[in-house]
Engineer: 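For reference, the structure I am asking about is given below.
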Amino acid sequence: MEPSATAKRRDALIPLLKDPDGDVRAAAAAAMEKLEGIQSLDEVIEQLKKGGVAAKVRAIYALAEIGGDKVVAPLVYCASRPEEEIRGAAIDALGTISNRSTLQVLVERLKDNNSGIRARAIRALGNFRDPALVPVLLPFLDSGDGLTDVEAILSLSAIDNGSLQERFVELTRSPNAATRVAAATALGVLRLA
Amino acid sequence: MITPKLAKLTLADAQRLASIFSGLIRSTTLYPPGNPALTRPLQDLHALVESHLKTGNSIRLGLADELLFVEDHLFVTATPPVEELANIFASRKIDAMIIMQGVEAAEIFRLAQLLSDRNMTTDKIVRSLETDGKSHLLIISAEDTEEKLLHEAGNAYQMALESIRSAFIDIEEHRVPSSERLLAATRQFTDIAVQDPLVVACLSMIKDFDNYTFNHSVNVGVIAMALAAHMKLDRQRIEEAGIAGFLHDIGKTMVSKAIINKPGKLSTIEFDEIKKHPEDGVKIIEKMSGISRSVGEAVLGHHLRYNRKGYPEWAKEMELSDLSQIIAIADCFDACTTLRVYQLPMPPATAINLMKGLAGEFLNPEMVNSFAKMMGKYPPGTLLRLDTNEIALVWKANPGNPEMPLARVIFYANGDPVENPVTERLAERETATRIVAVLNPVAKGIDVGEYFRQA
């Protein structure tokens with residue numbers, strides 16, 4: 001059943017969808033979307049429990065959109081699932097919400113057997129902008145696979161204080177074009193030491 | 001359009017019938033029922049109809065190429081009343097009206113009243129005639145034609161999907177894939193695309209996560225055909241665009257499944273493998289019967305990019321065909337709007353905006369503009385909140401009114417889901433309805449593709 005507070009807000013917002021002023025209509029629509037997002041949490045978690053792989057992946061991305069503390073536990077659970085599709089999507093979602101309580105879960109995924117999943121974990125950790133992660137991500141600069149090194153360059157360039165400049169210059173000479181692109185990009189955004 | 005059938009009604013009687021009926025519709029708004037200004041023409045009309053129906057089963061009147069016809073008489077030079085009737089039919093999107101044996105004057109009068117009421121949608125008129133329990137008047141609306149086209153397109157989609165699936169299996173089992181069914185599906189799609197490219201375009205919103213490769217191949221084909229038809233290419237070129245789209249990724253059958261199904265980005269070595277698929281595709285297509293050379297060229301060039309900085313590198317000096325560039329656009333749009341293990345589907349309008357950003361480098365700018373124009377302000381698959389708080393899913397652009405597409409309401413104003421959503425023209429609602437927001441289906445846990453698949 002709809003909580004009375006939400007029902008009251010809906011009742012106030014719905015007539016505003018017909019307001020003669022366009023800004024009012026837009027604000028009311030945006031508020032309605034937020035309210036519905038909060039209300040849909042239980043439904044999304046249900047999809048996560050009962051749906052097929054596609055429904056689960058969609059539900060994981062939906063949780064990232066909804067955000068808030070309640071979505072953390074189901075996402076952490078999914079990040080350790082055996083299905084690569086579910087694990088990968090959950091890592092992306094954890095990166096989006098960037099809740100510090102999930103840092104260790106993501107660090108753990110850096111050891112994943114699948115390089116695609118490792119790359120997603122590196123990218124997700126980059127979103128935390130935490131200097132403590134520099135030594136954790138540093139080894140991936142040497143992978144030379146044009147995948148995890150790329151993600152590590154991009155994540156580290158957002159975190160590092162400029163100390164990695166020489167490493168990035170070195171990586172501009174990588175045989176992999178994708179690595180050279182990332183290194184060039186990093187040199188443009190890296191803070192000056 | 002309905003083809004006028006041969007009948008014995010004379011030209012003078014046909015003209016009289018149309019004129020009296022047109023006048024009757026107008027008069028119902030001016031005089032109360034029972035007024036001689038209504039009863040006299042109604043009696044005349046009924047007598048005329050009855051006399052004809054003694055020798056024929058029905059009288060058919062409607063529009064052919066926007067001109068009014070009554071039986072086999074087409075009014076190329078119309079009198080004002082005839083023109084007025086044509087306008088009434090056109091504005092209501094009525095293709096034809098059939099008057100059958102046994103029709104009563106009261107039925108004709110009721111229909112005239114309904115047609116004179118501007119607030120009456122065609123759908124309501126049809127329903128109202130049905131509710132009255134009469135079966136001597138039949139309205140055939142253009143929307144019926146649209147529904148029919150959508151149905152036919154859905155059948156062609158299934159056929160294409162099955163053909164692609166078996167082509168992929170054939171290759172895995174070292175056989176030359178058969179092209180017969182694929183060509184048949186393409187011909188069917190082309191028939192529809194030349195009538196209405198938008199009907200074909202909206203099928204690209206059918207998504208199947210578990211069968212991405214087949215589903216993506218068919219979607220690229222249907223988008224390519226819709227765009228080719230919208231660009232007014234000739235029939236053969238539309239068919240070639242479709243086949244090239246269906247087969248654009250067939251070379252991926254030669255790539256390891258571990259790479260194809262990898263849940264994330266690819267390493268350099270893996271990507272180098274993927275980059276071989278256009279060439280491998282051409283090798284497969286060359287062995288298939290009935291497929292023109294330009295299809296192979298289109299497949300070879302679909303990743304070359306507009307600026308020729310794509311792959312295969314050796315083909316950069318080759319002429320980039322219009323088909324390659326159409327396939328590149330279709331490929332990009334479907335990839336962006338589809339849920340993948342590593343990617344949220346973009347709302348269609350967002351994908352088109354992204355494509356506009358890629359125009360001039362990756363994609364042909366003129367074709368991107370053409371594509372954006374075809375898909376409309378609210379492309380198929382866009383989720384809308386209406387000012388009634390209903391949530392509607394755009395089914396098809398409405399070229400006559402880009403602000404008000406054809407859509408299906410999928411959630412009522414109170415938030416309850418609609419069990420069997422039906423397509424409606426938002427512009428033709430009884431009470432004017434406004435679109436207040438484009439919504440993010442992901443946050444609502446809505447699988448847009450599922451609605452299109454079920455339809």
Side-chain angles (χ1 to χ4, degrees), chain A residues 2 10 13-14 16-19 22 25-26 28-30 32-34 36-37 39-41 43-44 46-47 52-55 57-59 61-62 64-66 83-89 91-92 114-120 123 143-151 174-179, chain B residues 207-212 215 258-259 261-272 275 309 311 313 338-346 383-391 411 413-417 431-450 453:
Chain A
E2 190 175 17
R10 275 172 54 90
L13 289 167
I14 289 173
L16 294 182
L17 296 172
K18 284 188 183 287
D19 195 280
R25 293 196 299 271
M32 283 295 292
E33 196 167 6
K34 278 190 185 150
E36 286 166 356
Q39 286 177 297
S40 68
L41 182 63
E43 214 173 298
V44 172
E46 201 59 22
Q47 282 179 22
V53 176
V57 170
R58 189 172 287 103
Y61 284 124
E65 294 275 335
I66 294 166
E83 306 94 326
E84 287 173 340
E85 298 94 336
I86 310 289
R87 224 156 65 225
I91 288 166
D92 289 350
N114 189 301
S115 61
I117 303 275
R118 290 199 297 277
R120 290 163 87 165
R123 190 170 52 210
S143 73
D145 59 1
L147 173 61
T148 50
D149 55 353
V150 166
E151 295 299 346
S174 161
N176 293 324
T179 310
Chain B
K207 308 287 184 188
D208 187 349
F209 181 88
D210 297 324
N211 292 294
Y212 174 75
N215 179 246
I259 296 177
N261 298 329
K262 187 171 176 182
K265 286 185 182 171
L266 302 176
S267 71
T268 300
I269 294 170
E270 291 163 338
F271 190 51
D272 283 345
K275 287 205 279 194
K309 289 185 177 170
Y311 59 88
E313 282 195 33
T338 306
L339 174 76
R340 304 298 311 278
V341 286
Y342 50 83
Q343 173 201 289
L344 260 177
M346 276 184 200
L383 201 62
L384 304 171
R385 187 186 302 277
L386 308 179
D387 64 0
T388 52
N389 198 40
E390 290 162 303
I391 291 178
F411 285 94
N414 65 2
D416 288 345
T431 316
T433 304
R434 215 166 4 202
I435 293 168
V436 286
V438 171
L439 304 176
N440 177 356
V442 174
K444 304 181 94 53
I446 293 174
D447 178 2
V448 164
E450 189 57 27
R453 200 165 55 201

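Just so it is clear, the model here is predicted, and its values are computed rather than measured.
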Engineer: Select one option (side chain, backbone, both, neither) describing which atoms of A:Ala119 are under 4.5 Å from chain B's heavy atoms.
Structural biologist: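 No part of it gets close to chain B.
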Engineer: How many angstroms lie between atom CD1 of A:Ile14 and atom CG of B:Asp387, to the nearest 0.5 angstrom?
Structural biologist: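 Atom-to-atom, A:Ile14:CD1 and B:Asp387:CG are 11.5 Å apart.
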Engineer: Check whether A:Asp19 gets within reach of chain B through its side chain, its backbone, both or neither, counting any heavy atom under 4.5 Å.
Structural biologist: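 Contact with chain B: backbone only.
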Engineer: Taking every non-hydrogen pair under 4.5 Å, which of A:Ala62, A:Ala177, A:Ala54, A:Ala64 racks up the most with chain B?
Structural biologist: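 Heavy-atom pairs under 4.5 Å are most numerous for A:Ala54.
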Engineer: Could you report the tightest heavy-atom contact between A:Gly146 and B:Thr268, atom names first, then the distance?
Structural biologist: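 Heavy-atom minimum between the residues: CA-OG1, 3.3 Å.
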Engineer: What are the two closest heavy atoms between B:Arg340 and A:Val57, and how far apart are they?
Structural biologist: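 Scanning both residues, the minimum pair turns out to be O-CG1, 4.1 Å.
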Engineer: Does any heavy atom of chain A fall under 4.5 Å from the side chain of B:Leu344, the backbone, both, or neither of them?
Structural biologist: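 For B:Leu344, backbone and side chain are both near chain A.
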Engineer: Sort A:Asp145 into side chain, backbone, both or neither according to what part of it lies under 4.5 angstrom from a heavy atom of chain B.
Structural biologist: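 Both parts, backbone and side chain.
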Engineer: Check whether any side-chain heavy atom of B:Leu339 sits under 4.5 Å from a side-chain heavy atom of A:Tyr61, and report yes or no.
Structural biologist: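 Sidechains of A:Tyr61 and B:Leu339: in contact.
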Engineer: Is the shortest side-chain N to carboxylate O distance from B:Arg385 to A:Glu36 below 4.0 Å?
Structural biologist: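 Salt bridge present between B:Arg385 and A:Glu36.
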Engineer: Given heavy-atom pairs under 4.5 angstrom as the criterion, report whether the side chain, backbone, both or neither of B:Ile446 touches chain A.
Structural biologist: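 Only the backbone of B:Ile446 comes within 4.5 Å of chain A.
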Engineer: Quick one: list whatever passes side-chain contact (heavy atoms from CB on, under 4.5 Å) with B:Glu450, sequence neighbours left out.
Structural biologist: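 Here the qualifying residues are B:Asp447, B:Arg453, B:Gln454.
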Engineer: Which distance, rounded to the nearest 0.5 Å, do you find between the CZ of B:Arg434 and the CG of A:Leu17?
Structural biologist: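 CG of A:Leu17 is found 10.0 Å from CZ of B:Arg434.
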Engineer: Could I get the full list of side-chain contact (heavy atoms from CB on, under 4.5 Å) partners for B:Asn440, not counting sequence neighbours?
Structural biologist: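 Only A:Glu33, A:Glu65, B:Val442, B:Ala443 meet the side-chain contact (heavy atoms from CB on, under 4.5 Å) criterion with B:Asn440.
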Engineer: Count the heavy-atom pairs under 4.5 Å between each of A:Gln47, A:Glu85, A:Arg87, A:Arg25 and chain B, then report the option with the highest count.
Structural biologist: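 Most heavy-atom pairs under 4.5 Å with chain B: A:Arg25.
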Engineer: Measure A:Arg123 against the heavy atoms of chain B and call it side chain, backbone, both or neither at under 4.5 Å.
Structural biologist: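 For A:Arg123, the side chain is the part near chain B, not the backbone.
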Engineer: Start with the C-alpha gap between B:Lys262 and A:Glu84, add the side-chain angles, then the distance that decides, and say whether salt bridge (Lys or Arg N to Asp or Glu O under 4.0 Å) holds.
Structural biologist: CA-CA 9 Å; B:Lys262 187 171 176 182; A:Glu84 287 173 340; over 6 Å; no
Engineer: Determine whether B:Lys265 and A:Ser115 make a side-chain contact, defined as any pair of heavy atoms from C-beta on separated by less than 4.5 Å.
Structural biologist: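 When only atoms from C-beta onward are counted, A:Ser115 and B:Lys265 do not touch, as no gap falls below 4.5 Å.
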Engineer: Between atom CG of A:Leu16 and atom CG of B:Asn389, what is the distance when rounded to the nearest 0.5 Å?
Structural biologist: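 Spacing of CG (A:Leu16) from CG (B:Asn389) equals 11.0 Å.
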Engineer: Under 4.5 Å from any heavy atom of chain B, what part of A:Arg58 do you find: side chain, backbone, both or neither?
Structural biologist: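 The answer is both parts of A:Arg58.
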Engineer: State, yes or no, whether a side-chain contact exists between B:Val436 and A:Met32 at a heavy-atom distance under 4.5 Å.
Structural biologist: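 SC-SC contact between B:Val436 and A:Met32 ruled out.
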